Structure formats: C-alpha cells, structure tokens
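Please read the structure below before turning to the comments.
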Amino acid sequence: MPAKIEFQQPASSNQPSSDSRSDSDSRNTSFRFTKSLRLLCAADFKPVFDDAPFRASHQHFLILARLNQQAQPRLGLVMAKKHMRLAVERNRMKRLIRESFRLNQQDFSGLDVVVLSRKGMDSLSNSDFIQQLNQQWQRIFKKVRHHRLTSQAQTQQVNADVKTADQ
C-alpha cells in the first residue's frame, strides 16, 4: 500500500496542519488549486480570447486577463504542441504556472486569466521562467489596479453629478 503524501501549506498560511478540509475550504486564505479556479471548457475561454483588456506579452508566453463576475480568479492554460514538442516540457510549464497562480491567487481576485505558450518557452530553466512569469503577473496587477481606480473615480464622479442634478 502506498504511503500517504501530505502537502505543506505555504509558510504565510496560519492554517493548522490537521486534515480538516471542509474548514480550510471555507476560508478565503486557502491556497488549494480547486476545480473552481480553472477555466475548463471553450465557453469559459471564449470571453477572455474575445475581449481581454489586460495583456502582458513576453517573448516566450502571452497572458490575457479579463474581469469576471465571480469572487475567485480562474486560470486557463494553452500549451501548444507546435511550440513545445515534448509532453514532459508542456507539463513542466503547466505545473510552474499553476503553482505561481496558486500562490498569488489573492491578487487575481475577480479575474479570468489565460496563459498561452510561444516558441522557445520550453528552453527556459524553472527559475528563469518563474522570474519572468512573476514580472508579467506584476504588469497584469498594475493594469487591473489602474482600471479599478479609474472606474471607481468615474463612478464617484457620476454619483456626484447625480447629487448636484437632484438639488
């Protein structure tokens, strides 16, 4: 019988190491990568491909992001065989992206994100890829923050205009 494998929570998590999964699922600080955090079907991917206001382009990959109507972020991966011939390399990149997304999911709240591979992505080492991916995540976060601030300012201006018109 195989041994039970237990995964450690990130150091910043204050969750006990007990096996109370229902308790950790109910918290917003859960670092698990559940099915609800994935873009699963073509209907989930389509809105991101059709209208992605937030983009971060890199020589080896492209990140598209779009606001969604949900509280949690969702991730979709498109790793083309044309760009990475070996399944081992495609799977390695997917694991690295999912892990990075999982650890940063609190920053992605309310976003649908799709990562597309480009030629040469498989030639990067794990550390180089993670460094470049984190730089692109920061670009996306900056664009989303700017969008949210400008839309909030516009909403406040509209509300102020309505108040003055009512008086």
Side-chain angles (χ1 to χ4, degrees), residues 5 7-13 24-25 27-156:
I5 299 173
F7 295 97
Q8 294 180 346
Q9 293 291 333
S12 64
S13 176
S24 66
D25 285 344
R27 296 182 188 176
N28 290 337
T29 59
S30 174
F31 284 93
R32 297 177 65 201
F33 189 68
T34 61
K35 212 170 194 175
S36 65
L37 296 177
R38 302 174 193 172
L39 295 174
L40 297 172
C41 61
D44 293 339
F45 280 85
K46 186 172 177 22
V48 181
F49 286 130
D50 289 346
D51 177 34
F54 313 113
R55 296 169 179 255
S57 182
H58 184 269
Q59 178 183 359
H60 300 296
F61 56 92
L62 171 67
I63 301 174
L64 304 174
R66 180 178 194 272
L67 295 174
N68 64 24
Q69 303 301 319
Q70 301 172 1
Q72 77 267 8
R74 297 186 303 174
L75 174 68
L77 300 171
V78 180
M79 301 291 126
K81 189 187 254 188
K82 173 181 170 182
H83 299 141
M84 292 183 282
R85 297 303 294 167
L86 299 177
V88 170
E89 294 300 323
R90 290 193 302 274
N91 292 336
R92 177 176 67 96
M93 290 301 166
K94 288 191 282 188
R95 277 193 307 274
L96 292 171
I97 295 167
R98 281 193 299 258
E99 181 68 7
S100 176
F101 180 82
R102 184 184 70 82
L103 294 174
N104 293 303
Q105 67 183 329
Q106 69 278 1
D107 297 327
F108 284 108
S109 64
L111 284 178
D112 284 345
V113 179
V114 174
V115 179
L116 295 99
S117 66
R118 288 185 172 163
K119 198 166 212 62
M121 185 179 188
D122 56 345
S123 65
L124 296 172
S125 69
N126 288 357
S127 59
D128 289 342
F129 178 69
I130 290 295
Q131 179 185 9
Q132 292 174 4
L133 183 62
N134 285 334
Q135 288 175 352
Q136 300 310 314
W137 286 152
Q138 293 306 315
R139 287 182 63 196
I140 293 288
F141 298 152
K142 183 178 176 183
K143 290 177 182 184
V144 170
R145 274 193 304 272
H146 178 71
H147 173 76
R148 288 182 174 157
L149 288 174
T150 56
S151 64
Q152 184 180 23
Q154 289 173 349
T155 303
Q156 289 174 350

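If you're wondering where the values come from, they're calculated on a predicted model, not measured in any experiment.
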- Item | Single hit among Met84, Met79, His83, Arg85 for side chain to side chain contact (heavy atoms under 4.5 Å, CB included) with Lys81 | Arg85
- Item | Contacts of type ring-ring contact (aromatic ring centres under 6.0 Å, His included), residue His147, not counting sequence neighbours | Phe54
- Which residues pass the ring-ring contact (aromatic ring centres under 6.0 Å, His included) test with His60, sequence neighbours left out?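 His60 satisfies ring-ring contact (aromatic ring centres under 6.0 Å, His included) with His58 once adjacent residues are dropped.
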- Would you say the side-chain atoms of Gln105 and Arg102 include a donor-acceptor pair closer than 3.5 Å?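 Not at all, the side chains of Gln105 and Arg102 share no donor-acceptor pair under 3.5 Å.
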- Message: Less than 3.5 Å apart, any donor N or O on the side chain of Arg118 or Ser57 sitting next to an acceptor on the other?
- Response: yes
Side chains of [X] and [Y]: does their closest heavy-atom pair fall under 4.5 Å?
X: Leu111; Y: Leu67; value: yes
X: Leu96; Y: Phe101; value: no
X: Ile63; Y: Leu116; value: no
X: Val113; Y: Ile140; value: no
X: Gln138; Y: Gln135; value: no
X: Val115; Y: Leu75; value: yes

Minimum-distance pair of heavy atoms, taken over all atoms of [X] and [Y]:
X: Val114; Y: Phe45; result: CG2-CD2, 3.9 Å
X: Ala52; Y: Leu64; result: CB-CB, 3.9 Å
X: Pro73; Y: Leu37; result: O-CD2, 3.1 Å
X: Asn134; Y: Ser100; result: OD1-OG, 3.4 Å

- Message: Applying salt bridge (charged side-chain N to carboxylate O under 4.0 Å, His left out), can you list everything that pairs with Arg92, at least two apart in sequence or on another chain?
- Response: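 Residues passing salt bridge (charged side-chain N to carboxylate O under 4.0 Å, His left out) with Arg92: Glu89.
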- Message: Among residues at least two apart in sequence or on other chains, which ones pass side-chain hydrogen bond (donor to acceptor under 3.5 Å, both in side chains) with Arg98?
- Response: none
- Query: Do the side chain of Lys143 and the main chain of Arg55 share a donor and acceptor less than 3.5 angstrom apart?
  - Reply: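 Pair found, side chain donor or acceptor close to backbone of Arg55.
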- Could you tell me the separation between the OG atom of Ser117 and the CD1 atom of Ile97, rounded to the nearest 0.5 Å?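 Atom-to-atom, Ser117:OG and Ile97:CD1 are 8.0 Å apart.
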- Query: So how far is it from Met121 CE to Leu62 CG, rounded to the nearest 0.5 Å?
  - Reply: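 Reported to 0.5 Å precision, the distance equals 10.5 Å.
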- Task: Answer yes when Arg66 and Asp112 have at least one side-chain N-carboxylate O distance shorter than 4.0 Å, and no when they do not.
- Result: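 No salt bridge links Arg66 with Asp112.
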- Scan residues 36-52 for pairs that pass side chain to side chain donor-acceptor pair (under 3.5 Å), counting only residues two or more places apart or in two chains. Thr34-Ser36, Lys46-Asp50
- Query: What pairs of residues pass the ring pair (Phe, Tyr, Trp, His ring centres under 6.0 Å) test when at least one of them lies in residues 116-138, not counting sequence neighbours?
  - Reply: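 Every pair satisfying ring pair (Phe, Tyr, Trp, His ring centres under 6.0 Å) with a residue in residues 116-138: Phe61-Phe129, Phe108-Trp137.
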